[in-house]
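Notes follow once the structure below has been shown.
Chain identifiers are assigned alphabetically (A, B, ...) following the order of the sequence lines, protein sequences preceding nucleic acid strands; residue numbering begins at 1 within each chain.
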There are 2 protein chains.
Amino acid sequence: MAAFPADRVEQAAWICNARGQTLTPLRRRVFEIVLAADRPIGAYDVLDMLAAERGRVAPPTVYRSLDFLVGQGLVHKVLSVNGFVACSAAARPHDAQLFICGSCGSSVEVARQLRAGLIEEEAEALDFAIESVVLEVHGRCHACRLATAP
Amino acid sequence: MAAFPADRVEQAAWICNARGQTLTPLRRRVFEIVLAADRPIGAYDVLDMLAAERGRVAPPTVYRSLDFLVGQGLVHKVLSVNGFVACSAAARPHDAQLFICGSCGSSVEVARQLRAGLIEEEAEALDFAIESVVLEVHGRCHACRLATAP
DNA sequence: GGCTGAATGTTATGTTATGTCATTCCTCCG
DNA sequence: CGGAGGAATGACATAACATAACATTCAGCC
C-alpha cells in the first residue's frame, strides 16, 4: 500500500481503503466541501453546494455521506451548532474536543487530551461503560476578542 | 424570605423569586413534567402532555417555558439527544456534566467537577474566553450492563 | 382609567433529519 | 455469458425539532 499521503483528501481516501471502505466520488466531494469550510457547516449548506454543481440533491444523499464520513472519523458532528467539521487528525478515530467561537462561528479542534481521568473515575464509580464523550467549549476566540476590545 | 424548601418544585419557585423572576403556573407545570420524567424528555413530549391537560398547545408555549427554565439553570438541555432534563443542583447555575445511557435513555448528572483545569489551560493558550462547556458522556449504565451480561 | 411590561396565545414557517422503496453499478460465481 | 448479491445512490415523502412575528391577556402602578 502506498505511503500516507500529504493532501487531506488523499489521506481520507487512504484511510478508507485501509479499512476496506470506499471514498466514492460523492463522499469525496462532500468531504472536500466540509474541508473547504473552515468552520462547522450545516448539512443543508453542503446540500446547496452539491445542488449547485449537479442539480437536485435530496437530503438523504448528503446525510448518508456525512454519516459515512463521521463513521470513519473524517468529520466530526458538532452538536451545539448542528454542523459538521473536518477532523484535524483523522488517522485514528477519537472523540472531538472543540473550541467554538459564538461570535464568528469558527472552531478549533484540540488534539491534546483535555480530560484527566476524572471522567473515567466517575464512570467507574457509576459502573458506566463509556462509549463516547462529547466535549464542546463555547466562547469567544482570539480574533473576535481583539476585534471588540481594541 | 422563607428558608430554602425541600420540594424541588418549591425550590425552583424560591430560586426564581430570589432573582426577581416568576415561576408562573405554566412554567411550574413544565418543570414538573420535566422533573417527572427521570430522563431527558423532548420538547414535543412535554407539549403532548400539556396538550392532554389543557387542549391545544403550540410549540412556542413549550419552548418559551423550557428556555426560561434553562436560563434559570433549573433544566439542562441535552444536546446529544435533543432533550431536556431537570437539574439536580439548580441553586447555582453551572454547566451540566451528564452520563447518558444509550440503551435505556437515562441520564445522571454529576456534581463533582470532572475537569481538571486542562480545558482552561488550553483556552488560555488559545486566548479563548470560555462561556460554557458541554460535557456529555455516552455509554451504558449500570442497570443496562447487568441486564445484558447476566 | 389607562399605561406599561411580562407572559402567553396563535399562526405560520424555518431548520434539521430520517424512513422507505427504486435504481444503478460492480463483482463474484457458476 | 448471465444472473445473484451487495454497496451506493437516487427519489419521494414525512418526521422531528425549533423559531419568527404579531395578537391578546392580565397584573401592577401612576
In this structure, OG1 of B:T22 is separated from CD of B:Q72 (nearest 0.5 Å) by 9.5 Å
Residue mapping more 5' on DNA chain D - nearest nucleotide basis, A:S65 or A:P59: A:S65
Can you tell which of C:dT18, D:dG10, D:dT19 lies closest to the side chain of A:L26? D:dG10
Table of protein N/O atoms under 3.5 Å from nucleotides 27-30 of chain D N/O atoms:
none

Is A:R27 touching bases, backbone alone, or none of the nucleic acid, heavy atoms closer than 4.0 Å? sugar-phosphate
Is A:Y63 close enough to C:dA17 that one of its side-chain N or O atoms is under 4.0 Å from OP1 or OP2 there? yes
From D:dA11, D:dA18, C:dG9, pick the nucleotide closest to the side chain of B:T61? C:dG9
Lys/Arg-Asp/Glu bridge criterion (N-O < 4.0 Å) met for A:R28, A:E10: yes
Taking B:Q97 for the side chain and B:R112 for the main chain, is one N or O donor matched with an acceptor at less than 3.5 Å? yes
Can you tell me if the side-chain N/O atoms of B:K77 get under 4.0 Å from OP1 or OP2 in D:dA18? yes
Does A:T24 reach a base, just sugar-phosphate, or nothing at all? Heavy atoms under 4.0 Å. sugar-phosphate
Based on the rotation axes of five pairs at each end, what angle does the helix from C:dG1-D:dC30 to C:dG30-D:dC1 bend through, to 10°? 10°
Are any of B:N82's side-chain N or O atoms less than 4.0 Å away from OP1 or OP2 of D:dA18? yes
